[in-house]
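The analysis underlying the following values was restricted to heavy atoms, covering all of them including side chains, and did not include hydrogens, waters or symmetry mates. Here, residue 1 is the first one in the sequence, and each next residue gets the next number.
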Amino acid sequence: MKRVEHILAALGGVDNVVSIEPCVTRLRCQVRNCEQVDEQALRRAGVHGVTVQGQSVQVIVGPDADLLASDLEDLWGEDHET
């Protein structure tokens, strides 16, 4: 499983993620249910930090945030917007 797949799974999977937007070193994510976010799994996937506030999750990934967001888009297919 690729890093991006681990991150998506730790965010609760495709059905839990509403949107992901890259921002310099972070992925700013909106999720449907923050209880499905597995912070420990995100850390095992190599992220530097996680902040959860309500339905908003910021995943600190470093300078490859744009690349990861693009890869996540590819995993989603055409069913989701970013």
Side-chain angles (χ1 to χ4, degrees):
M1 190 182 276
K2 296 179 184 179
R3 180 180 184 205
V4 68
E5 292 169 327
H6 286 286
I7 291 172
L8 183 58
L11 289 170
V14 150
D15 292 333
N16 194 45
V17 177
V18 176
S19 67
I20 294 180
E21 187 176 317
C23 180
V24 186
T25 61
R26 299 168 186 248
L27 298 173
R28 294 184 182 197
C29 311
Q30 291 295 317
V31 296
R32 288 183 173 79
N33 182 348
C34 65
E35 292 179 10
Q36 292 183 17
V37 176
D38 185 341
E39 292 184 43
Q40 293 302 317
L42 284 167
R43 291 189 186 278
R44 284 191 302 274
V47 306
H48 304 290
V50 180
T51 302
V52 179
Q53 289 184 323
Q55 304 309 104
S56 178
V57 180
Q58 289 192 25
V59 182
I60 304 166
V61 294
D64 56 347
D66 286 326
L67 178 62
L68 285 170
S70 176
D71 289 347
L72 285 165
E73 264 184 58
D74 292 343
L75 286 177
W76 278 348
E78 298 177 3
D79 293 337
H80 292 81
E81 294 180 22
T82 59

Salt bridge (Lys or Arg N to Asp or Glu O under 4.0 Å) partners of R44, counting only residues at least two apart: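 Salt bridge (Lys or Arg N to Asp or Glu O under 4.0 Å) check on R44 returns nothing, list empty.
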
Has the side chain of N16 got a donor or acceptor atom that lies under 3.5 Å from a matching backbone atom of V31?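 Looks like no, no N/O pair under 3.5 Å.
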
Quick one: does any side-chain atom of R32 pair with a main-chain N or O of D15 as donor and acceptor, under 3.5 Å?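 Side chain of R32 to backbone of D15, a donor-acceptor pair under 3.5 Å: yes, one is there.
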
If two hydrophobic side chains count as joined below 4.5 Å and joins carry through other members, does V52 share a cluster with V17?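 Yes: a chain of side-chain contacts under 4.5 Å links V52 to V17.
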
In the single-linkage hydrophobic clustering (I, L, V, M, F, W, Y; side-chain heavy atoms under 4.5 Å), do L72 and L67 co-cluster?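 In one cluster with L72: L67, no.
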
Do V14 and L75 touch side chain to side chain, with heavy atoms closer than 4.5 Å?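 No - every pair of side-chain heavy atoms lies 4.5 Å or more apart.
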
Hey, does Q30 have a side-chain heavy atom less than 4.5 Å from the side chain of S56?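 Yes, at least one pair of side-chain atoms sits under 4.5 Å.
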
Looking at every heavy atom in both [X] and [Y], which two are closest together, and how far apart are they?
X: K2; Y: E5; value: N-OE1, 2.7 Å
X: V61; Y: R3; value: O-NH2, 3.8 Å
X: A65; Y: P22; value: O-CB, 3.8 Å
X: H48; Y: G62; value: CD2-N, 3.7 Å
X: C23; Y: R28; value: SG-NH2, 3.4 Å

Quick one: CD1 on I20 to CG on L8, what's the gap to the nearest 0.5 Å?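 Rounded to the nearest 0.5 Å, the CD1-CG separation comes to 6.5 Å.
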
Taking atom CD of Q55 and atom OG of S19, what is their separation to the nearest 0.5 Å?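 Rounded to the nearest 0.5 Å, the CD-OG separation comes to 11.5 Å.
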
With D38 via side chain to side chain donor-acceptor pair (under 3.5 Å) - residues at least two apart: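 Counting only residues at least two positions away or on another chain, D38 forms no side chain to side chain donor-acceptor pair (under 3.5 Å).
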
Run the side chain to side chain donor-acceptor pair (under 3.5 Å) test against R43 and tell me which residues pass, sequence neighbours left out.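 Here no residue qualifies.
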
For a side chain to side chain contact (heavy atoms under 4.5 Å, CB included) with V50, tell me which candidate from L11, L42, L27 qualifies.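 Of the listed options, the one satisfying the test is L42.
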
